[in-house]
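Taking it in order: structure first as structure tokens, then the write-up.
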2 protein chains.
Amino acid sequence: MENVRELFHTMTKRLGLLDRNCCAVGGIELSLVQSHILYEIDRMNEPSMQQVADAIAMDITTFSRQIQTLVKMNLVKKTPYPQDRRVYILSLTPEGKYVTAKIDAEVNEYLGEVFSHMSEFERETVLHSIRLLNECMAKSSVCCKPLF
Amino acid sequence: MENVRELFHTMTKRLGLLDRNCCAVGGIELSLVQSHILYEIDRMNEPSMQQVADAIAMDITTFSRQIQTLVKMNLVKKTPYPQDRRVYILSLTPEGKYVTAKIDAEVNEYLGEVFSHMSEFERETVLHSIRLLNECMAKSSVCCKPLF
DNA sequence: AATAAATACTTGCATGATGCAAATAAAAGG
DNA sequence: CCTTTTATTTGCATCATGCAAGTATTTATT
């Protein structure tokens with residue numbers, strides 16, 4: 001087996017750059033972290049602060065302040081949770097939904113461009129491989145343990 | 001095509017965690033950024049500061065200070081370049097080489113563990129896919145443009 | 001029921017990362 | 001020469017980070 005780490009490093013570096021290029025929508029400029037927070041809130045079902053912070057593997061105190069910023073930017077809403085009054089449920093405001101959808105579309109467009117350099121068969125192979133990789137990482141006891 | 005972005009997001013998130021778990025060697029604790037800097041210096045051939053900063057897509061001023069820290073930690077050496085006295089050539093000290101090799105071994109071990117959940121054929125398919133993906137990202141005009 | 005322990009979230013504080021503007025120094029071009 | 005470009009460093013302001021500690025609320029224990 002050749003140098004596997006190098007393959008992964010190159011890939012994640014480039015995907016990271018792609019991500020970084022997708023943090024501006026209209027007049028709004030987001031940090032990478034903020035973009036990821038919106039992404040997770042959008043994906044999860046009525047998540048609490050703690051749940052999202054865990055999903056992102058971010059310290060809850062830093063997360064708390066990031067959320068304060070996003071609420072001020074009118075992208076995220078914090079709703080008290082009646083069943084447990086310690087908890088806040090996070091959701092996207094309409095503007096937050098819009099921004100998140102725009103970013104999602106842009107990332108997908110970029111990815112589509114990358115995939116346009118492949119045949120249909122190659123594309124399917126690559127997607128299948130990533131799916132498989134994700135499953136194996138989920139199985140692995142050694143990495144990514146605390147989450148998922 | 002299902003949600004491609006989600007696949008990539010999950011993958012990079014997990015690989016990021018794996019990376020973060022590989023920043024401690026013996027008594028030395030590195031930040032992710034420092035680990036990446038060592039990795040690039042190790043890979044490149046007698047690189048200048050600017051070249052490594054570009055490869056990592058990091059602002060040269062931040063990079064300069066990170067290098068100062070790594071020099072103080074005795075992991076990196078800055079050698080004046082006689083042919084152009086504005087330039088410093090970066091290299092790893094013996095200790096830096098040791099740390100970098102250790103981290104490399106640890107990451108590869110983790111990746112090996114992940115791949116152990118696959119058949120030989122699947123493993124080859126996944127590696128081939130990543131290689132292909134890297135090539136297509138390199139071709140793509142839309143992402144990762146400034147580098148490589 | 002009363003108290004202790006655990007959980008969710010926030011704030012204080014110190015430290016470190018970031019990046020622009022500006023400085024220095026050296027090379028390259030005219 | 002003199003101007004422009006390039007490589008690196010430093011000043012400065014801002015933001016991110018995470019530990020310790022605090023508040024509020026819920027759950028567990030007696």
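Convention: sequence-line order gives letters A, B, ...; per-chain numbering from 1. Not measured: the values here are computed from a predicted model.
Between Gln50(B) atom CD and dA25(C) atom C1' there is a gap of 15 Å when expressed in whole angstrom units. Per the geometry, CD belonging to Gln34(B) stands 14 Å off C1' belonging to dT15(C), to the nearest Å. The CD1 atom of Ile56(B) sits 16 Å away from the C1' atom of dG19(C) (whole-angstrom rounding). Atom CG of Leu70(A) is separated from atom P of dT10(C) by 13 Å (rounded to the nearest Å). The distance from atom CG of Asp59(B) to atom P of dA17(C) is 14 Å, rounded to the nearest whole Å. Summarising the geometry, the separation between CE on Met49(A) and C1' on dT7(C) is reported as 13 Å, rounded to the nearest angstrom.
With sequence neighbours excluded, the residues that form a side-chain hydrogen bond (donor to acceptor under 3.5 Å, both in side chains) with Glu6(B) are Arg43(A). Partners of Glu106(B) by salt bridge (charged side-chain N to carboxylate O under 4.0 Å, His left out), not counting sequence neighbours: none found. Contacts of Val71(B) classified as side-chain contact (heavy atoms from CB on, under 4.5 Å), with partners at least two apart in sequence or in another chain: Ile67(B), Val76(B), Lys78(B). Residues forming a side-chain contact (heavy atoms from CB on, under 4.5 Å) with Arg20(A) (at least two apart in sequence, or on another chain): Leu17(A), Leu32(A), Ala57(B). The side-chain contact (heavy atoms from CB on, under 4.5 Å) search around Glu29(B) returns Ala24(B), not counting sequence neighbours. With sequence neighbours left out, the side-chain contact (heavy atoms from CB on, under 4.5 Å) criterion links Ser64(B) to Met49(B), Gln68(B).
Using a 4.0 Å cut-off on heavy atoms, the residues of residues 78-90 of chain B that approach DNA chain D are Lys78(B), Arg86(B), Val87(B), Tyr88(B), listed by number. If you check residues 60-69 of chain B against DNA chain C, the residues with a heavy atom closer than 4.0 Å are Thr61(B), Thr62(B), Arg65(B), Gln66(B), listed by number.
Side chain of Glu122(A) to main chain of Ser119(A): a donor-acceptor pair is present (N/O by atom type, distance under 3.5 Å, no hydrogens or angles). Here the side chain of Asn108(A) pairs a donor or acceptor atom with the backbone of Asp104(A) at under 3.5 angstrom. A donor-acceptor pair under 3.5 Å is absent between the side-chain atoms of Glu124(A) and the main chain of Phe121(A), judged by distance alone.
Counting only residues at least two apart or in different chains, side chain to side chain donor-acceptor pair (under 3.5 Å) contacts with residues 87-99 of chain A comprise Asn74(A)-Glu95(A).
Rounded to 10°, the angle separating the first-five-pair axis and the last-five-pair axis of the helix from dA1(C)-dT30(D) to dG30(C)-dC1(D) equals 20°.
Nucleotides of DNA chain D lying under 4.0 Å from heavy atoms of chain A occupy a range whose first and last members, 5' to 3', are dA16(D) to dT26(D).
Residue Val52(A) forms a side-chain contact (heavy atoms from CB on, under 4.5 Å) with just one option from Met58(A), Gln66(A), Met44(A), and that option is Met44(A).
The hydrophobic cluster containing Ile89(B) also includes Tyr81(B), Val87(B), under a criterion of side-chain heavy atoms closer than 4.5 Å among ILVMFWY residues, counted directly or through chains of members.
Side-chain atoms of Asp19(A) and His9(B) form no donor-acceptor pair, as typed in the model, at a separation below 3.5 Å.
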